[in-house]
Amino acid sequence: MQGFRTEPARDSYDVVIIGGAIMGSSTAWWLTQMGFPGRVLVVERDPSYEKAATALSFSCIRQQFSTELNIRISQFGADFVQSLRARMGGDDRIPALKIQNFGYLYLADTEGFADVLRANQAVQAAAGAGTRLLSAEEIAAEYPFYRLDDILLGSLNTKDEGYFDGYTVFDWFRRKAREAGVEYLADEVAGLDLSGNRVTGVRLASGRRIGCGMVVNAAGTRAARVAAMAGIGIPIEPRKRYNWVIQAERPLDRPLPLTIDPTGVYVREVGGGTYMAGGHADVDPAADPNDFAMDPDIWLDKIWPAIATRIPAFEAVKVVNEWAGQYDYNLLDQNAITGPHPDIGNFLFLNGFSGHGLQQAPAMGRATAEWILHGGYRSLDMRPFHFDRIAAGQAMVEAAII
């Protein structure tokens, strides 16, 4: 538990962040960069992060969203990743990171989804993303290894889209926050104390009670449990997502974009003749947040048939690794819930990212820190993600969810 305390140093903190993975650590680091004068405590139930979504992610970034705000968030994320060392003061310990721009390729096999890709591309182009729409013939010319007899249209962007080292970004958020005075505590939040319309304290599983000025819910798949401690309901539940690393007997002759098949299965380049595939079961219920068991049938019944049909070279592959992760899945619209609760104003959400949290963490942590400091945003306006839409049942429609 390097860097983690087992007892809090104080009885009260100005900000308590519940969850110390990439969202919580991004927020903590941004607070230090913006000159926040108060004390910050991050409470993390699992200092190993072994089962955190941050550690089990596909670790990719894309501009291909259907809303301008999500595009802008990822554009900032791409710039942040590739300027990480400079943004963190030129520290020579920090590696110079780059995005492996193999891109994302969405494939449409119906006119309805082709129209969605056309509409999305118009929004992306207006925001400066380099997305191209390709016919099946144009896809085949660039990527001759696909079987495309059922495909009507593809959407591809190879600028700031692909793999990045998300865990390293997280690790430096955490390290730099800690070096700047943020305290990390190995414990679990068991309850919240409220007085009137404010959270006044955080009760820990160890039995301690910590007073607080503000609370940030960055609890990932346990977000709804934490919100319920404040008497708040949010439509977030854990959903299992399965991942495989495969070795191809006949490696492809060029990098494989992260290909989103019409079946919902996705597969991407890793390198050296290895690839990563992922997806979920056709029946996709809520999961227990401690359930990371693999489904013994989904590979043979769904994932491998889909990728072998789309890429015939993948008819002969060997699975070299597999694991299950979890999304903090927003049932309303698969978008984030951020900002303060309208009634409990010192309770802030940072939840429900539904699979695109890693790439959004730099912008979301910055925005949360801005709200804590200023009571409003100074960069991207995140108000469309606020809780008000949840209370009203008004979805923020994002047509590009994987």
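All heavy atoms count here, side chains included; hydrogens, waters and symmetry mates do not.
Side-chain contact check for Asp187 and Ser206: at least one donor-acceptor pair (N or O, by modelled atom type) lies under 3.5 Å. Using modelled atom types and a 3.5 Å distance limit, the side chains of Thr259 and Tyr146 yield a donor-acceptor pair.
Between Trp371 and Tyr377, the distance separating the two ring centers is shorter than 6.0 angstrom. Taking the six-membered ring for Trp, Tyr163 and Phe102 have ring centres at least 6.0 Å apart. The aromatic ring centres of Phe349 and Phe347 sit less than 6.0 Å apart.
Annotation: side chain of Asp193 is in contact with side chain of Arg209 (closest heavy-atom distance under 4.5 Å). Looking at heavy atoms from C-beta onward, Ile344 lies in side-chain contact with Val199 at the 4.5 angstrom threshold. Within the 4.5 Å cutoff, no side-chain heavy atoms of Ile246 are placed close to those of Val320.
The ring pair (Phe, Tyr, Trp, His ring centres under 6.0 Å) search around Phe353 returns none, not counting sequence neighbours. When the ring pair (Phe, Tyr, Trp, His ring centres under 6.0 Å) test is applied to Tyr13, no partner is found at least two apart in sequence or on another chain. For His280, there are no ring pair (Phe, Tyr, Trp, His ring centres under 6.0 Å) partners, not counting sequence neighbours. Residues that satisfy the ring pair (Phe, Tyr, Trp, His ring centres under 6.0 Å) test with Phe314, not counting sequence neighbours, are Tyr275. Under the salt bridge (Lys or Arg N to Asp or Glu O under 4.0 Å) criterion, Glu188 pairs with Arg45, not counting sequence neighbours. Remark: Asp381 pairs with Arg383 by the salt bridge (Lys or Arg N to Asp or Glu O under 4.0 Å) rule, at least two apart or across chains. For Arg118, the side-chain hydrogen bond (donor to acceptor under 3.5 Å, both in side chains) partners at least two apart in sequence or on another chain are Asp115. Under the salt bridge (Lys or Arg N to Asp or Glu O under 4.0 Å) criterion, Asp150 pairs with Arg310, not counting sequence neighbours.
In this structure, Tyr184 OH and Ile17 CD1 are separated by 7.0 Å, a value rounded to the nearest 0.5 Å. From Asp14, atom CG reaches atom CG of Asn346 across 12.0 Å, with rounding to the nearest 0.5 Å.
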Compile the donor-acceptor pairs under 3.5 Å between side chains in residues 357-369 and protein atoms, sequence neighbours left out, one pair per line.
residue, atom, partner, partner atom, Å
Gln359, OE1, Arg62, N, 3.0
Gln359, OE1, Ser74, OG, 3.0
Gln360, NE2, Asn70, OD1, 2.9
Arg366, NE, Ser379, OG, 3.1
Arg366, NH2, Ser379, OG, 3.4
Thr368, OG1, Met364, O, 2.9

Compile the donor-acceptor pairs under 3.5 Å between side chains in residues 215-223 and protein atoms, sequence neighbours left out, one pair per line.
residue, atom, partner, partner atom, Å
Asn217, OD1, Ala219, N, 3.2
Asn217, OD1, Asn351, ND2, 3.4
Asn217, ND2, Ala223, O, 3.1
Asn217, ND2, Asn351, OD1, 3.4
Arg222, NH2, Asn290, OD1, 2.7

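For residues 22-62, the set of pairs meeting the ring pair (Phe, Tyr, Trp, His ring centres under 6.0 Å) definition, not counting sequence neighbours, comprises Trp29-Phe80, Trp29-Phe173, Trp30-Phe80, Tyr49-Phe170, Phe58-Tyr266. Legend: ring pair (Phe, Tyr, Trp, His ring centres under 6.0 Å) pairs involving residues 243-263, not counting sequence neighbours, sorted by first then second residue: Trp244-Trp299.
For the pair Arg239 and Tyr329, the cation-pi criterion (under 6.0 Å, within 45° of the ring axis) is fulfilled.
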